[in-house]
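Reviewing the structure listed below.
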Amino acid sequence: MEEKKKEFMEDLKKNLKKKADGPDSIKEPTTYLGTTILKHKLDGDDYFTWAIGSEAYLQESLRVVKKQIAPMQLTLKKKVCSTLPTGYKPELDSTPFVDDDTAILYMQLIGILRWLVELGRIDVAAKVSMLLSYNTMPREGHFHAALHIFAYLQKHPDRVLVMDCGYADHLRPLKKADYSQFYEFTKDELPSDMPTPLGKAVDFTMFVDASHTANVVTRQLRTGVLIFVNKAPIIWDRKNYFRNETTRNPAEPTSLPCVALVLNLRRKLPNLSPSQPF
């Protein structure tokens with residue numbers, strides 16, 4: 001067994017060396033987990049910036065979806081101007097429940113849409129999250145609403161997220177609040193073995209909001225968060241909470257756990273070398 005292990009390792013080294021010596025062994029990345037990686041030049045810049053897109057994954061997804069709905073005598077709409085039909089509210093849908101086979105297909109559609117959101121299609125994140133709530137018992141209207149999202153994506157397939165490293169200097173500066181009188185003994189704890197920050201500092205910008213009346217039936221709370229490092233969007237999320245609030249005041253603090261995302265970033269990024277203002 002030991003001799004076979006040595007032979008295997010020697011063969012592996014030879015194969016790896018052959019691949020490393022090949023002409024295409026080292027090159028710029030083009031894909032990662034379904035994401036298309038490309039370069040994009042912003043207006044006014046004389047250099048290219050990295051960007052991520054989902055067009056390749058989307059085109060394959062559209063092919064699969066069209067194949068799945070063809071036996072049902074269904075096609076994707078050609079003329080769509082929004083992610084969902086105008087005025088459509090999933091919670092008010094009273095169409096019949098779908099059969100088991102269509103319910104399984106619905107779950108597959110939502111799974112594909114969720115991955116497209118992960119790949120950067122932020123424009124459909126809120127609507128996908130709404131339809132996700134009906135994943136266990138979808139109605140016919142929910143099924144057609146999911147197909148409507150695919151029709152929208154088919155019309156707008158080439159959206160990309162540009163990882164702009166510029167500073168968000170267009171935003172109004174916020175006055176730094178002083179809470180020292182309330183938290184007198186607290187301090188910002190950083191890992192003791194954190195490496196010395198290198199390079200330019202980066203800024204965090206987080207947009208977060210809560211809607212406690214969007215669901216007109218249950219009044220369940222929905223929150224959304226969008227986090228930028230400089231001008232590059234790196235985290236986007238939408239959550240439905242299984243609770244409801246009667247006024248805006250208790251609804252807004254419910255979204256504050258999103259701040260934990262920023263705190264985690266403050267720990268991660270310094271370990272990746274960039275310095276960071278506090």
Report task. For side chain to side chain contact (heavy atoms under 4.5 Å, CB included), just list the numbers for Q108 and V64, CA-CA rounded to whole Å, side-chain angles, deciding distance to a tenth of an Å, and then say yes or no. Result -> CA-CA 10 Å; Q108 293 174 348; V64 172; over 6 Å; no

Query raised in the report: Members other than I104 in its cluster, when Ile, Leu, Val, Met, Phe, Trp, Tyr link by side-chain heavy atoms under 4.5 Å?
Result: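 Its cluster partners, ordered by chain and number, are M107.
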
Query raised in the report: In the hydrophobic cluster built from side-chain contacts under 4.5 Å, what are the other members alongside M137?
Result: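 When side chains under 4.5 Å apart are linked, the cluster holding M137 also contains F97.
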
Report task. Grab the two heavy atoms, one from A146 and one from I110, that are nearest each other, plus how far apart they are. Result ->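 Looks like CB-CD1, 4.5 Å.
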
Query raised in the report: Can you name the closest pair of heavy atoms from M206 and I227 and give their distance?
Result: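 That closest heavy-atom pairing would be CG-CG1, 3.7 Å.
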
Partner set under side-chain hydrogen bond (donor to acceptor under 3.5 Å, both in side chains) for [X], not counting sequence neighbours:
X    : value
Y152 : D123
E60  : R63
D93  : Y88, T95
T102 : D99

**Report entry** Results of side chain to side chain contact (heavy atoms under 4.5 Å, CB included) for K89 - residues two or more places apart only
**Finding:**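 Side chain to side chain contact (heavy atoms under 4.5 Å, CB included) list for K89, sorted by chain: E91, L92, V216.
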
Requested in this report: List in chain and number order the residues that pass side chain to side chain contact (heavy atoms under 4.5 Å, CB included) with A125, two or more places apart in sequence or in another chain; answer none if no residue qualifies.
Outcome: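 Result, side chain to side chain contact (heavy atoms under 4.5 Å, CB included) vs A125: V117.
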
Cut-off 3.5 Å, no hydrogens considered: what does the side-chain donor-acceptor table look like for residues 158-166, sequence neighbours left out?
residue, atom, partner, partner atom, Å
R159, NH2, H156, ND1, 3.1
D164, OD1, G166, N, 3.0

Query raised in the report: Is there any salt bridge (charged side-chain N to carboxylate O under 4.0 Å, His left out) pair reaching into residues 108-117, and which pairs are they, with sequence neighbours excluded?
Result: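 Sorted result for residues 108-117: empty, none.
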
Query raised in the report: Quick one: does Y57's side chain get under 4.5 Å of I112's, heavy atoms only?
Result: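 Yes; the side chains approach each other to less than 4.5 Å.
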
Let me check something: any side-chain donor-acceptor pairs from residues 31-40 under 3.5 Å, sequence neighbours excluded? List them with distances.
residue, atom, partner, partner atom, Å
T35, OG1, Y32, O, 3.2
K39, NZ, E28, OE2, 2.8

Quiz: residues 74-81 side-chain donor-acceptor pairs under 3.5 angstrom, not counting sequence neighbours:
none

